[in-house]
S.K.: 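Got a structure for you, written out below as structure tokens; questions coming shortly.
Basis for what follows: all heavy atoms, side chains included, without hydrogens, waters or symmetry-related copies. Each chain gets a letter, A, B and so on, in the order its sequence line appears, and its residues count up from 1.
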There are 2 protein chains.
Amino acid sequence: MDNHFTCYAFGMVPPFAQGLVRDLRVRWALEEAGLPYTVALVGVGEGAISLADYAAIQPFGQIPALEHGDLTMFESGAIVLHIAEQSRVLLPTDAAARAHVQQWMFAALNTIEVPIQELAGIDLFYSGAAWAAEHRPAVEERVRQRLAQLTARLKDGEYLVGAFSAADILMSTVLRILRHTQLIEEQPRLLAYKQRCEARPAFARALEGQMAPFGT
Amino acid sequence: MDNHFTCYAFGMVPPFAQGLVRDLRVRWALEEAGLPYTVALVGVGEGAISLADYAAIQPFGQIPALEHGDLTMFESGAIVLHIAEQSRVLLPTDAAARAHVQQWMFAALNTIEVPIQELAGIDLFYSGAAWAAEHRPAVEERVRQRLAQLTARLKDGEYLVGAFSAADILMSTVLRILRHTQLIEEQPRLLAYKQRCEARPAFARALEGQMAPFGT
């Protein structure tokens with residue numbers, strides 16, 4: 001396959017989602033890998049494709065999707081893994097370290113993001129509902145437990161598995177979903193880890209790229 | 001690393017979880033790959049290690065974990081991917097097909113399992129709660145939408161990406177979580193897909209292995 005990458009992204013999202021949409025992960029991985037890419041907007045925006053047309057690319061209507069030469073794929077975790085496999089700067093060559101990066105990629109999306117996204121859903125979509133008020137404390141406690149367990153595995157000044165990797169892209173973008181709370185701030189070592197990831201120039205370029213069409 | 005595999009599994013779980021615990025995925029992958037393995041029980045059972053000792057292996061207290069020679073790892077998705085990389089019977093060698101298998105692996109756990117697990121949590125852990133009764137219809141509708149979108153991508157008599165792969169292990173075990181409902185039955189093509197996966201001899205051996213210590 002040729003080496004041209006196209007990342008699909010929304011042309012507009014509500015303010016609560018700006019800077020959190022999952023194409024951020026794809027842009028960040030491409031920026032870290034030094035792989036040139038173009039962005040295709042979905043919904044609104046100059047040259048954007050319609051949501052109806054996008055459904056043929058992404059069966060669940062979710063952002064992101066990626067084109068890489070003749071390959072079209074979706075799911076941010078799988079896309080970041082694919083990019084990491086192309087470049088070797090985001091995935092170690094040592095077999096055990098590589099397995100551990102993949103372990104933390106799945107842990108970020110399946111163990112950490114699940115309760116975090118449930119909490120964000122309650123706060124951002126159901127904040128006025130009686131059920132949300134009743135259930136929120138249990139979800140927040142679940143998030144707090146997962147963050148404490150994750151923090152216990154982090155070492156000061158480091159990334160999840162040796163050097164910065166694809167796992168850190170997924171984990172730190174998952175942690176960003178809690179920006180409307182103070183839950184990360186309760187864990188100083190975790191907050192420092194997140195800030196260490198976000199201090200990377202490739203992250204800044206990825207975030208700037210996502211925000212640009214929103215004009216905010 | 002040497003080629004010995006050890007899969008961690010619970011020595012006992014409540015009936016509603018029997019046949020659904022995530023070590024089923026790991027056992028199934030190892031059975032498909034023809035890789036010999038031993039099982040290490042956690043909690044209760046002959047020779048079981050304590051939950052306290054298991055916390056040093058799995059920071060979130062979840063089953064499964066895998067030992068492969070000197071490598072210890074967790075997260076069922078990552079473990080199934082690791083096993084698939086060892087054997088080549090669960091992951092295509094063609095680059096595009098391989099990317100699509102990984103896409104569906106992440107889709108199974110991040111797009112399909114998330115609302116399914118939320119519904120199962122409501123039904124199995126919170127069935128008497130007022131908030132659960134209020135919120136359940138929205139979650140069920142979300143599950144129904146995801147199943148319809150998935151079914152639209154399935155072709156009669158086939159697997160997710162060409163031959164049976166690691167993606168089918170994850171997807172069909174995710175669909176099993178809905179066994180207390182009739183939601184899969186609403187989509188005959190999806191039901192046939194799930195049954196096609198479960199008809200594999202390797203699945204039967206994996207399920208028998210998980211159930212054996214429960215003595216039921």
Side-chain angles (χ1 to χ4, degrees), chain A residues 1 22 55 58-62 65-66 68-82 85-86 95-114 117-118 121-122 125-126 129-136 138 145-146 148-153, chain B residues 1 22 55 58-62 65-66 68-82 85-86 95-114 117-118 121-122 125-126 129-136 138 145-146 148-153:
Chain A
M1 54 187 96
R22 274 40 167 192
Q58 217 295 353
F60 307 106
Q62 297 168 321
L66 180 80
H68 175 203
D70 294 335
L71 171 70
T72 301
M73 65 183 297
F74 52 88
E75 286 289 331
S76 62
I79 294 172
V80 169
L81 179 56
H82 176 76
E85 289 172 343
Q86 307 306 306
R98 180 189 169 98
H100 284 145
V101 167
Q102 292 176 347
Q103 159 192 291
W104 283 110
M105 292 178 75
F106 278 94
L109 302 190
N110 293 112
T111 295
I112 308 296
E113 186 174 30
V114 173
Q117 189 57 49
E118 189 176 355
I122 285 175
F125 295 108
Y126 294 104
W131 76 263
E134 185 184 342
H135 187 44
R136 191 186 189 286
Q145 177 194 33
R146 288 293 183 233
Q149 290 166 326
L150 171 62
T151 303
R153 279 290 180 114
Chain B
M1 56 187 93
R22 275 37 168 196
Q58 217 296 353
F60 307 107
Q62 298 168 321
L66 180 81
H68 175 204
D70 294 334
L71 171 70
T72 302
M73 65 184 298
F74 52 86
E75 286 291 329
S76 62
I79 293 172
V80 169
L81 180 57
H82 176 74
E85 288 172 344
Q86 307 307 304
R98 179 190 170 97
H100 284 145
V101 167
Q102 293 175 346
Q103 160 192 292
W104 283 111
M105 292 178 75
F106 278 95
L109 302 189
N110 293 111
T111 295
I112 308 295
E113 186 173 30
V114 173
Q117 189 58 49
E118 189 176 353
I122 285 175
F125 295 108
Y126 295 104
W131 77 263
E134 185 183 343
H135 188 44
R136 191 186 189 286
Q145 176 194 34
R146 289 293 184 233
Q149 290 165 326
L150 171 60
T151 304
R153 279 290 179 116

S.K.: Can you say whether A/A138 sits under 4.5 Å from chain B via the side chain, the backbone, both, or neither, judging by heavy atoms?
M.R.: side chain

S.K.: Relative to chain A, which of B/T72, B/I79, B/V101 shows the most heavy atom pairs under 4.5 Å?
M.R.: B/T72

S.K.: Looking at A/Q102, A/H135, A/H100, which one has more heavy-atom pairs under 4.5 Å with chain B than the rest?
M.R.: A/H135

S.K.: Checking heavy atoms, do the side chain of A/S76, its backbone, both or neither come under 4.5 Å from chain B?
M.R.: neither

S.K.: Would you say the side chain of A/F106 lies within less than 4.5 Å of the side chain of B/L81, judging by non-hydrogen atoms?
M.R.: yes

S.K.: Is it the side chain or the backbone of A/Q117 that comes within 4.5 Å of chain B heavy atoms, both, or neither?
M.R.: neither

S.K.: Is the shortest heavy-atom distance from the side chain of B/N110 to the side chain of A/N110 under 4.5 Å?
M.R.: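 Yes, close enough: below the 4.5 Å cut-off.
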
S.K.: Find the one option among A/R153, A/Q145, A/M73 whose heavy-atom pairs under 4.5 Å with chain B are most numerous.
M.R.: A/R153

S.K.: Would you please indicate yes or no on a ring centroid separation below 6.0 angstrom for A/F74 and B/W104?
M.R.: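 Yes: the rings meet the under 6.0 Å criterion.
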
S.K.: Where does B/A152 contact chain A at under 4.5 Å (heavy atoms): side chain, backbone, both or neither?
M.R.: neither

S.K.: What part of A/A130 gets closer than 4.5 Å to chain B, counting heavy atoms only: side chain, backbone, both or neither?
M.R.: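 For A/A130, backbone and side chain are both near chain B.
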
S.K.: Which heavy atom of A/F60 sits nearest a heavy atom of B/Q149, and at what distance?
M.R.: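 That would be CD2-OE1, 3.3 Å.
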
S.K.: Would you mind telling me which of A/E113, A/Q62, A/R98, A/M105 has the largest number of heavy-atom pairs within less than 4.5 Å of chain B?
M.R.: A/Q62

S.K.: Spell out, as yes or no, whether a donor-acceptor pair under 3.5 Å connects the side chain of B/E75 to the backbone of A/Q103.
M.R.: no

S.K.: Given that the side chain runs from C-beta out, which part of A/I112 has a heavy atom under 4.5 Å from chain B: side chain, backbone, both or neither?
M.R.: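 The answer is the side chain of A/I112.
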
S.K.: So, for A/A99 and B/L71, which heavy atoms are closest and what is the spacing to 0.1 Å?
M.R.: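 Taking A/A99 first and B/L71 second, the nearest heavy atoms are CB-CD2, 3.8 Å.
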
